[in-house]
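Below: the structure, in structure tokens.
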Amino acid sequence: VAAKPVRIAVTGAAGQIAYSLLFRIAQGDLLGPQAPVELHLLDLPQSQEMLRGVQMELDDCAFPSLRLTKLFSRPEEAFEGVDYAFLVGAKPRSLGMERKDLLLENGEIFVEQGRALNQTASRDVRVLVVGNPCNTNCLIALHHAPNLNPRHFFAMTRLDHNRAIGQLARLARSSVDEVVNVAIWGNHSSTQAIDFSHVKIQGKPFSFGRESSREALTQLLQQRGASVIQARGKSSAASAAHAAIQALRSILEPTPAGQWFSQGIYSQGNPYGIDEDLIFSFPCQSSGRKDCEIVQRLQIDSYLQEKISLTQKELIEERECVRRWL
Ligand code: NAX
């Protein structure tokens with residue numbers, strides 16, 4: 001008997017991240033080249049023509065594992081029976097728009113999509129929120145999906161994590177696979193707390209030597225998204241799609257012993273004293289059974305603790321801003 005296709009929804013499917021992500025999934029980068037997949041593309045009614053173009057291109061690749069591509073403008077239809085949902089679609093921040101306005105504009109989208117997931121998605125669905133502000137959008141979605149497991153909702157901080165690995169490897173003149181155990185704590189925003197304190201390069205603990213070089217790298221990483229926009233004229237897309245694939249792959253594969261990845265997850269029951277109702281990025285590990293557990297008992301020095309408190313404060317403020325929906 002042919003295996004039943006895995007159903008995967010991507011929202012914002014006419015946008016630039018999706019233009020990379022959909023082809024990567026269809027090629028097998030998420031589940032392997034043998035696993036049959038069915039893609040559900042969701043975008044706004046006015047973007048349906050564009051979606052048709054994307055669908056034609058997917059057809060034209062003749063990917064062996066892509067069984068079906070369907071187009072939608074209504075989330076409850078797009079999420080019907082899905083095993084994975086990448087929530088990428090969101091309104092971009094326009095010129096002069098306050099962070100608060102962005103939260104409110106996007107909040108409504110995630111109320112609707114959370115409800116829709118609750119109604120029609122597989123009971124075992126895993127949800128990755130990419131659309132910004134991704135932590136708080138994810139929190140809203142899970143609050144509106146009471147019949148789904150809150151530990152199955154994630155916000156993407158993997159791009160930040162990967163950026164840090166890339167730059168550390170450059171700094172140490174090492175290859176990226178020799179850099180392990182960087183971590184992003186907190187919000188996917190400029191307050192993110194980048195934890196270099198457990199980093200090992202070529203098996204040895206890494207240290208910056210000078211305080212100024214840690215500050216310089218932190219600044220470079222916090223500004224990286226803006227630097228890409230400045231150079232490319234558009235925000236990060238292929239690197240974001242790659243990070244999204246890795247974020248879900250990381251829960252499907254056992255994490256190498258003693259290592260971790262960064263993921264925004266529901267903070268309830270966390271061992272670090274973080275507020276219990278946030279989507280907060282932590283160093284995480286997986287047994288490979290679609291799970292994601294916070295790494296326990298890491299030492300947190302006073303420098304990092306201060307940064308973690310700041311990013312937590314920002315997330316609490318964001319939550320206050322969208323309180324009407326929680
Ligand atoms: P684009 O503007 O290219 O695409 C967004 C798409 O979403 C558009 O096609 C739009 O029509 C659609 N959309 C808007 N509202 C929708 C709704 N209610 N339902 C379905 N579709 C809807 O943006 P793109 O560059 O693809 O970025 C998408 C999101 O990812 C943005 O919010 C962006 O800020 C966020 N990012 C998050 C990152 C992360 O690390 N978490 C990094 C990359 C990126 O900046």
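This is a predicted model, so every value here is computed, not measured. Each ligand, and each atom within it, is numbered from 1 in the order the structure gives.
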Pair up each side-chain donor or acceptor in residues 59-75 with any protein partner under 3.5 Å, not counting sequence neighbours, and list the distances.
from, atom 1, to, atom 2, distance (Å)
Ser65, OG, Ala26, O, 3.1
Arg74, NE, Glu77, OE2, 3.1
Arg74, NH2, Glu76, OE2, 3.0

Please list every donor-acceptor pair under 3.5 Å in which a side-chain atom of residues 155-162 meets a protein atom from a residue at least two apart or in another chain.
from, atom 1, to, atom 2, distance (Å)
Thr157, OG1, Ser281, OG, 2.8
Arg158, NH1, Ser250, OG, 2.8
Arg158, NH2, Ser250, OG, 3.4
Asp160, OD1, Gln192, NE2, 3.1
Asp160, OD2, His188, ND1, 2.8
His161, ND1, Ser262, N, 3.4
His161, ND1, Ser262, OG, 2.7
Asn162, ND2, Gln246, OE1, 2.7

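Rounding to the nearest 0.5 Å gives a distance of 12.5 Å between CZ of Phe153 and CG of Asn137.
For ligand 1, the protein residues within 4.0 angstrom (heavy atoms only) are Gly12, Ala14, Gly15, Gln16, Ile17, Asp43, Leu44, Ser47, Val88, Gly89, Ala90, Ile109, Gln113, Val130, Gly131, Asn132, Cys134, Met156, Leu159, His188, Ser235, Ser236, Ala240.
Hydrophobic clustering, defined by side-chain heavy atoms of Ile, Leu, Val, Met, Phe, Trp and Tyr closer than 4.5 Å, groups Ile201 together with Ile165, Leu168, Leu171, Val176, Val179, Val182, Ile184, Ile194, Phe196, Val199, Phe206, Phe208, Leu217, Leu220, Leu221.
In this structure, Trp185 has its ring center closer than 6.0 angstrom to the ring center of Tyr272.
Between Glu112 and Arg115 there is no salt bridge, since no side-chain nitrogen of the basic residue lies less than 4.0 Å from a carboxylate oxygen of the acidic one.
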